[in-house]
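Read the structure below first, then the notes.
Per chain, numbering begins at 1; letters A, B, ... match sequence-line order. Just so it is clear, the values below take in all heavy atoms, side chains as well, and ignore hydrogens, waters and symmetry mates.
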Amino acid sequence: MTNQPIDRFKSQVFHILSEIPKGECIAYGELAKLAGFPGYARQVGSLMKNLPNDTKLPWHRVINAQRRISFAENTDGYLRQKEKLEKEGWVIVGSKLAFNKNLIKK
DNA sequence: TGGGCGGCTACCG
DNA sequence: GCGGTAGCCGCCC
């Protein structure tokens, strides 16, 4: 209540996030834009960070505009996201994220 | 009230 | 393609 747009922004983000199908990913800024709040990319990141560990939201499908995981490689967050993504058919190619589906092997 | 900090982005060299 | 820089915006001291 009271807070207005931000609250709505959060709701929108969670809603959109919950509708992202498996095997698809989206950038922070893109997600924010879809929610109707362009420029809130960092805020999306903050939200993801705030998510509980037992959340069922596909937060791992949210990556940065460079198509990379926004964590340092040695962090647990990176490992967690990487593992979840690989389970859904994604694969890390040169620190970049790419969809598996055999197209990597030309 | 003020300043610094992020799971970001776009631009520039 | 990559590092540095400047905007962006809510959140937490």
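- For the pair A/Q66 CD and B/dC8 P, the interatomic distance rounds to 9 Å; values are reported in whole Å.
- In this structure, A/E73 does not pair ionically with A/K82, as no charged nitrogen and carboxylate oxygen lie closer than 4.0 Å.
- One atom, CD of A/Q4, and another, P of C/dG10, lie 10 Å apart when rounded to the nearest Å.
- Here A/G77 lies out of heavy-atom contact (under 4.0 Å) with every strand.
- Atom CZ in A/F9 sits about 12 Å away from atom C1' in C/dC8, given to the nearest Å.
- At whole-Å resolution of the value, CD1 in A/I63 and P in B/dG7 are 17 Å apart.
- Among the atoms of the strands shown, base atoms are found under 4.0 Å from some heavy atom of A/V62.
- Residue A/S70 has a polar side-chain atom (N or O) positioned under 4.0 Å from OP1 or OP2 of B/dC8.
- Taking atom NZ of A/K49 as the reference point, atom P of B/dG6 lies 7 Å away to the nearest angstrom.
- Cluster annotation: A/L47 and A/F37 are assigned to the same hydrophobic cluster (Ile/Leu/Val/Met/Phe/Trp/Tyr, side-chain heavy-atom contacts under 4.5 Å, transitive).
- With distances taken from any side-chain atom of A/Q43 to the nucleotides B/dG7, C/dC9, B/dC8, the minimum falls on C/dC9.
- Regarding A/R68, its CZ atom lies at a distance of 14 Å from the C1' atom of B/dT9, rounded to whole Å.
- When distances are taken from the side chain of A/A65 to each of C/dG1, B/dA10, B/dG7, the shortest belongs to B/dA10.
- Summarising the geometry, the separation between CZ on A/F37 and P on C/dC11 is reported as 12 Å, rounded to the nearest angstrom.
- Remark: P of B/dG7 and CG of A/L97 are 19 Å apart, rounded to the nearest angstrom.
- Note: the hydrophobic cluster containing A/I26 does not contain A/I63 (ILVMFWY, side chain heavy atoms under 4.5 Å, direct or indirect links).
- Comparing the P positions of C/dG7 and B/dG7 gives a spacing of 22 Å, expressed to the nearest Å.
- A heavy atom lying under 4.0 Å from DNA chain B marks the following residues of residues 10-34 of chain A, by number: A/A27, A/Y28, A/G29.
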